[in-house]
Amino acid sequence: MNKLSNRIEAIQESATLAMAAKAREFKSRGIDVISLSLGEPDFKTPTHICEAAKKAIDDGKYFAYPPVAGYQDLREALAAKYQKENGVPYKAENIVVSNGAKQSIANAMLALLNPDDEVIVFSPFWVSYDALVRLAEATPVLVNGGLENDFKVTAQQLEKAITKKTRIVIFSSPCNPTGSVFSKAELQAIAHEILKHESILVIADEIYEHIIFTGERVSIASFPGMFERTITVNGFAKGFAMTGWRVGYVAAPKWIADGCNKIQGQLTSANCSIAQRAALAAITGAIEPTNKMVDEYRKRRQIVYDLLKEIPGVKANFPQGAF
Ligand SMILES: Cc1ncc(COP(=O)(O)O)c(C=O)c1O
């Protein structure tokens, strides 16, 4: 009987990957396509990162299975970055490096959710969030931010959506797809709401943190009481033009990191050794290549925004970050 599991029947194919496949197919037929599907830089991975990967291969030391949660020096570097730049006192024990931020989110959901749980998803949202919730056999509850508030869900809206079944609240800031960025005050209000409920956790997806045009970059985990409640997700795909290298990570209280580690140990064993050496070079190396890319994205934002505004009947927000 050709019957897939109920778990798989409950989810759709990744919409962005399907669109990207279509664009590739058209291109292979010689059609001129501008693909706006995947969040994918059109820049190449900076040279110093590629060199680190080549060196790791030549060294001949990185051929074996890495530790499940990632190499210790990479986890230490990621923890140090969060301490210094984001004001969150993560240590290496809080970090689990995975095959992209997508796997990091999947690990966290599989580690934390039970079938009766609800996950509040701030909408518009990155298309994989609700699918990953369903894969964990929980229920996504979408809460819509309107154009009038720059597509951002307010603390009052969150308050109304919370039920006894709510286990996780998930959002990205800077947001894919809207480009909105939560201000410190807005995040504080959301944190305040979450802290009223003992069992609610937050997945804060910060993968676009480097692609920000406002200057204000705030991690919800940095607020009093929120370290214990937050699973911070980040990765190298966007800010370092490394989508194909597949390196992401969670930073979370140790008991949650341990849960992610356990799942990852069964699913993928670890993240690719060479990709991790490249990621270490990215996180400890020069940030100028990233800043150059951001300058270019800033110019493109203006061009696209101005063009959109010219279309009769179209309203647009002015994105503060992301692609
Ligand atoms: C908001 C958001 N989170 C996570 C991801 C996945 O990142 P990765 O390529 O590291 O799996 C994406 C990719 O488009 C994204 O837009």
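Atoms within each ligand, like the ligands themselves, are counted from 1 in listed order.
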Extract all N/O-N/O pairs under 3.5 Å that connect ligand 1 to the protein, and present each with both atom names and the distance rounded to 0.1 Å.
from     : atom 1 : to   : atom 2 : distance (Å)
ligand 1 : 3 (N)  : D205 : OD2    : 2.6
ligand 1 : 9 (O)  : R246 : NH1    : 2.8
ligand 1 : 10 (O) : A101 : N      : 2.7
ligand 1 : 11 (O) : A101 : N      : 3.1
ligand 1 : 11 (O) : K102 : N      : 2.9
ligand 1 : 11 (O) : R246 : NH2    : 2.8
ligand 1 : 14 (O) : W126 : NE1    : 3.4
ligand 1 : 14 (O) : K238 : NZ     : 2.7
ligand 1 : 16 (O) : N176 : ND2    : 2.6
ligand 1 : 16 (O) : Y208 : OH     : 3.1

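Taking Ile, Leu, Val, Met, Phe, Trp and Tyr as hydrophobic and joining them when side-chain heavy atoms fall under 4.5 Å apart, one finds L308 in a cluster with V304, I311, V314. Applying the under-4.5 Å side-chain rule to Ile, Leu, Val, Met, Phe, Trp and Tyr, the cluster around Y208 extends to F43, I207, I211, F213, M293, V294, Y297, F323.
Between the side chains of S183 and E216, no donor-acceptor pair is found at a separation under 3.5 Å. Residues N271 and Q103 bring no donor and acceptor atom of their side chains to less than 3.5 Å of each other.
For residues 73-115, the set of pairs meeting the ring-ring contact (aromatic ring centres under 6.0 Å, His included) definition, not counting sequence neighbours, comprises Y82-Y90, Y90-F227.
Between F236 and F240, the ring-plane angle classifies as tilted under the 30° and 60° cut-offs.
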